[in-house]
Number of protein chains: 2
Amino acid sequence: MNNYKKIGIIGGMGPESTALLYQQVVRSFQDGFGAYKDQDFPEMLIHNLPIPDITVDIKHEEDVRKMLSRSVHFLEQSGSELIAFPCNSLNYFVDYLSSQTDIPLVSIVEETCNTIRQRNPSEILLLSTPTTFEKGLYQRYLGDTRVIRPQDYTKILDIIIQTLKGEHPSEEFSEMLEKEYSSYDNIVIGCTDLSILVQNYQDERLIDSLTCLSQSIVQNSVLESKDK
Amino acid sequence: MNNYKKIGIIGGMGPESTALLYQQVVRSFQDGFGAYKDQDFPEMLIHNLPIPDITVDIKHEEDVRKMLSRSVHFLEQSGSELIAFPCNSLNYFVDYLSSQTDIPLVSIVEETCNTIRQRNPSEILLLSTPTTFEKGLYQRYLGDTRVIRPQDYTKILDIIIQTLKGEHPSEEFSEMLEKEYSSYDNIVIGCTDLSILVQNYQDERLIDSLTCLSQSIVQNSVLESKDK
């Protein structure tokens, strides 16, 4: 067994973007560390958890807490040494998750905000679920940086839902990025379902939360490996 | 929580093809059952297990058994109701895996052979690792059907290794399928790393083991759902 920290992932929100995170972590080990044999990759546990919908609001908060608590304890029992979750809306529960375990938690929103801060922008356009915006999940970490949501933000929710259904309105989304959002220098892909649509898209204005998370997972697994 | 059986997956051989299996299962639930909200998908646990290399031969058999046993017990503890593994070479350990648990095991090789038998072929061309061919993993289930390996089978191993490294020699592989293997009516993609290369490839001669497995996982999770 190699020396990387064992990675626990609470996923399934939605499942396709969790699969993409898994793939991104694998590619980072291939490209960055020359991994190719099975034993060159970290041990990982991915829990696809079918929680009640939290995209628009948090209706079944107690049920979600119970499921998350079960998942965290389960990943803990399995020996996970860091826990991450590839869903921005789920960051609503980040304090609760932290209260359930001593294992370091890698927060997708916090990691994305670390990348945003490096650019020191006065404002960002946040493309996210209503929950992520309205609960102030990004605002919490961004100090004076103004967090803007698109005027017609229901169109973003439509695109998220289409992607969750397995339809991939990539062209429609890239047209919005190029036309409607042309005046923004910093556009945050703050929903991992939207990350599916921009995975092969080149645009320096974009800060993709899924990529920020996968990079942080790899760094945490490698740099803090067991014998260091 | 929905009523689907909880799926346990022993993966990581290689990790990229396990990510593809995850994606295929998700797509099947989207396309076949109209799933889109998180709660519409089954609970799944995917264990990315860094076992010692088994592509060419089985050198560290005892170590692999220990890791598999740990993984099976762990998936069992988590409440998994069926266990699958998206790696053909790993079918070498299928009897050992069965001996470790009462949970139904979905064998990728057995499921692929079920599909092969529906075609009733006199022969198949098996594209696989040396382990899968030389240990007779397909031959075990296929009765009189002749299992042929390509003459220059080391080229297939090269392609598998390139894919494990994150290089994707799709064109080279499709050229082989069209030219060198043009005389075969039934070509089995008997290594899930090769499945990565043919995921968008249309060729009726192909029987893809990863697709056979993902279809069987979905059927087993849905048809034998908890209250039936």
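Quick note on labels: first sequence line is chain A, next is B, and so on, each numbered from 1.
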**Request:** Could you pull out the closest heavy-atom pair between B:P42 and A:P50, with the gap in Å?
**Result:** C-CG, 4.2 Å
Under a 4.5 Å heavy-atom cutoff, which of [options] has the most pairs with chain A?
{"options": "B:A35, B:G166, B:P15", "value": "B:P15"}
{"options": "B:C87, B:P52, B:G34", "value": "B:P52"}
{"options": "B:V26, B:I54, B:L45", "value": "B:L45"}

Between chain A and chain B, which N/O donor-acceptor pairs sit under 3.5 Å?
| residue | atom | partner | partner atom | Å |
| --- | --- | --- | --- | --- |
| A:E16 | OE1 | B:Q30 | NE2 | 3.4 |
| A:E16 | OE2 | B:R27 | NH2 | 2.7 |
| A:Y22 | OH | B:N48 | OD1 | 2.7 |
| A:R27 | NH2 | B:E16 | OE2 | 2.7 |
| A:Q30 | NE2 | B:E16 | OE1 | 3.4 |
| A:Q30 | NE2 | B:L164 | O | 3.0 |
| A:Q39 | N | B:I51 | O | 3.4 |
| A:Q39 | OE1 | B:D53 | N | 3.2 |
| A:P42 | O | B:N48 | ND2 | 3.0 |
| A:E43 | OE1 | B:R70 | NH2 | 3.4 |
| A:E43 | OE2 | B:H47 | NE2 | 2.7 |
| A:E43 | OE2 | B:R70 | NH1 | 3.4 |
| A:E43 | OE2 | B:R70 | NH2 | 3.4 |
| A:M44 | N | B:N48 | O | 3.0 |
| A:M44 | O | B:N48 | N | 2.7 |
| A:I46 | N | B:I46 | O | 2.8 |
| A:I46 | O | B:I46 | N | 2.8 |
| A:H47 | NE2 | B:E43 | OE2 | 2.7 |
| A:N48 | N | B:M44 | O | 2.7 |
| A:N48 | O | B:M44 | N | 3.1 |
| A:N48 | OD1 | B:Y22 | OH | 2.6 |
| A:N48 | ND2 | B:P42 | O | 3.0 |
| A:I51 | O | B:Q39 | N | 3.4 |
| A:D53 | N | B:Q39 | OE1 | 3.2 |
| A:R70 | NH1 | B:E43 | OE2 | 3.4 |
| A:R70 | NH2 | B:E43 | OE1 | 3.4 |
| A:R70 | NH2 | B:E43 | OE2 | 3.4 |
| A:L164 | O | B:Q30 | NE2 | 3.0 |

